[in-house]
Amino acid sequence: MTIDPTPPLKPGTYLFTAFGKDVSGNKSDTIENEFIVSNKNGIEHVMNYPNPFKDNTNFTFILRSAGQAAVKVVIYTVAGRKIRTLLQDIGRQRVGLNAIPWDGRDEAGNDVANGTYIYKVTLNGTNEDGTESSDAVLEKAVRSR
């Protein structure tokens, strides 16, 4: 069992700053990124990477809150036929960037054909105050071998 020593961030606005130098120690560079941790659960910036993909891809999203949530990805053909459901259990994701991998196979374990697929990422869980939350986003993935 692995214990993560980093406690979840409290709701608020944070500034992430990273410093970098070349191998000789010259030319420092600084990157700053401001981000918000919300007390309301939800998902944003849903995408799959790589897209188009050859063999596998990762459905990525940013989770806005540390509240408990289950995330599900349902993949459909463009005609609307469901071909695969991927689940991520409660407690498997953290505030910030998360990913759910897909091996490009349907529920029966067969490789799906080249083409465009629609996927729906759904979050069902609780907010930090105990109220229920849900969110869903539709996107498309392209398989090209």
Side-chain angles (χ1 to χ4, degrees), residues 1-20 22-23 27 29-145:
M1 178 170 91
T2 302
I3 297 174
D4 187 349
T6 308
L9 296 173
K10 296 199 180 304
T13 302
Y14 294 86
L15 180 65
F16 173 79
T17 305
F19 305 94
D22 66 14
V23 293
K27 297 182 183 178
D29 195 10
T30 303
I31 297 172
E32 291 187 342
N33 187 21
E34 185 175 277
F35 64 96
I36 298 171
V37 175
S38 174
N39 60 358
K40 299 287 185 193
N41 224 334
I43 51 177
E44 56 189 32
H45 302 292
V46 174
M47 63 179 277
N48 69 298
Y49 181 82
N51 191 20
F53 68 100
K54 181 178 178 183
D55 296 321
N56 52 54
T57 190
N58 287 290
F59 298 105
T60 62
F61 58 93
I62 293 180
L63 186 63
R64 291 192 299 238
S65 170
Q68 294 290 312
V71 179
K72 173 172 65 172
V73 179
V74 182
I75 306 159
Y76 303 91
T77 65
V78 291
R81 183 176 61 88
K82 182 173 87 168
I83 60 168
R84 183 83 184 263
T85 300
L86 306 169
L87 301 172
Q88 188 174 49
D89 295 326
I90 290 177
R92 292 280 318 270
Q93 62 277 344
R94 298 184 49 82
V95 172
L97 184 64
N98 292 268
I100 299 175
W102 181 37
D103 60 4
R105 297 179 183 275
D106 63 14
E107 295 286 6
N110 301 312
D111 276 333
V112 298
N114 288 346
T116 301
Y117 295 87
I118 307 298
Y119 63 91
K120 181 178 182 181
V121 179
T122 306
L123 172 139
N124 288 302
T126 58
N127 295 314
E128 290 182 0
D129 64 3
T131 59
E132 291 188 18
S133 66
S134 63
D135 202 356
V137 177
L138 276 172
E139 291 291 339
K140 62 183 173 183
V142 177
R143 183 163 197 177
S144 176
R145 289 186 265 175

Let me check something: any side-chain donor-acceptor pairs from residues 76-84 under 3.5 Å, sequence neighbours excluded? List them with distances.
from  : atom 1 : to     : atom 2 : distance (Å)
Thr77 : OG1    : Ala79  : N      : 3.3
Thr77 : OG1    : Gly80  : N      : 3.4
Thr77 : OG1    : Arg81  : N      : 3.1
Arg84 : NH1    : Asp103 : OD1    : 3.0
Arg84 : NH1    : Arg105 : O      : 2.9

Point to revise | Donor-acceptor contact present, side-chain Thr60 to main-chain Asn98, <3.5 Å | key: no
Point to revise | Euclidean distance, Glu34 CD relative to Tyr14 OH, rounded to 0.5 Å | key: 12.0 Å
Practice item. Output yes when a side-chain donor or acceptor of Thr57 lies under 3.5 Å from a complementary backbone atom of Pro50, and no otherwise. Key: yes
**Study point:** Close aromatic pair by centroid cut-off 6.0 Å: Trp102 and Phe53
**Key:** yes
**Study point:** Leu86 versus Pro101, closest heavy-atom pair with distance
**Key:** CD1-O, 3.6 Å
Study note, to complete from the structure: Value for NE2 (His45) from CG (Leu97), rounded to nearest 0.5 Å, stands at 10.5 Å
Practice item. Would you check if the side chain of Arg143 reaches a backbone N or O of Thr116 as a donor-acceptor pair within less than 3.5 Å? Key: no
**Study point:** Nearest-0.5 Å distance that lies between atom CG in Asp111 and atom CG in Asp55
**Key:** 7.5 Å
**Study point:** Heavy atoms of other groups near Leu15 CG, more than 12 under 6.0 Å
**Key:** yes
Practice item. Grab the two heavy atoms, one from Asn48 and one from Lys140, that are nearest each other, plus how far apart they are. Key: OD1-O, 3.5 Å
Point to revise | Atom pair CG (Leu123) and CZ (Phe61), whose distance is rounded to the nearest 0.5 Å | key: 7.5 Å
Check your understanding: Under a 4.5 Å cut-off applied to non-hydrogen side-chain atoms, are Ile118 and Leu138 in contact?
Key -> yes
